[in-house]
Amino acid sequence: MTGLDLQMAQKVLDSQPFSRLVGARISAFGDGAATLQVDIRPELHQQNGFVHGGVLSYAADNSITFAAGTTLGPAVLTGGFSIQYIRPATGRTLIARAVVVHTGRRQAVVRCDLFAAADDGTETLCAVAQGTVLPARS
């Protein structure tokens, strides 16, 4: 989309107070895809020392919406999504890679794979999500 690039996507992400709180960043954006990353730190853990499921859901939701924005335009909202947790997330970085599966006039369907990256860069799949994104209408 014209005017949308990685730098602009990061500015939009930075305008979200919760995204700043968790320290999210976009590492890839364009052509029906977006990758969001969050450094894993103790404040994002649940009681057993794993990344809280809400953080994984946040990463899935936002990466799904950003990916859809590359096909629907910048004014979009998540219509809904589901997430399946596969294994606990531990490591250095949470990575949410979202890819648009289908875009129509009224919505986009997007798949997201969430990985926990270790210090050595090894990635382990920890959750999968799928969502629909709608153009925002006033």
Sequence neighbours excluded - ring pair (Phe, Tyr, Trp, His ring centres under 6.0 Å) pairs with any residue from residues 84-104: none
Lys/Arg-Asp/Glu bridge criterion (N-O < 4.0 Å) met for Arg25, Asp14: no
Side chain to side chain donor-acceptor pair (under 3.5 Å) involving Ser19 - partner list, sequence neighbours excluded: Gln16, Tyr58, Asn62
Residues that Arg97 engages under side chain to side chain donor-acceptor pair (under 3.5 Å), provided they are two or more places apart: Glu123
Counterpart residues, side-chain contact (heavy atoms from CB on, under 4.5 Å), relative to Ala67 (two or more places apart): Ala34, Ala98, Val100, Val110
Pairs involving residues 106-134, ordered by first then second residue, that meet ring pair (Phe, Tyr, Trp, His ring centres under 6.0 Å) (sequence neighbours left out): none
Spacing of Thr78 atom OG1 and Gln107 atom CD [to the nearest 0.5 Å]: 12.0 Å
Separation of Gln84 CD from Leu114 CG (nearest 0.5 Å): 12.0 Å
Contacts of type side-chain contact (heavy atoms from CB on, under 4.5 Å), residue Ala9, not counting sequence neighbours: Ile26, Phe29, Phe66
Verdict with reasoning, Ser27 to Thr35, per side-chain hydrogen bond (donor to acceptor under 3.5 Å, both in side chains): CA-CA 6 Å; Ser27 59; Thr35 300; 4.7 Å; no
Stepwise side-chain contact (heavy atoms from CB on, under 4.5 Å) test for Leu77 and Thr65: CA-CA 7 Å; Leu77 297 169; Thr65 304; over 6 Å; no
Arg41 CZ: over 12 foreign heavy atoms closer than 6.0 Å: yes
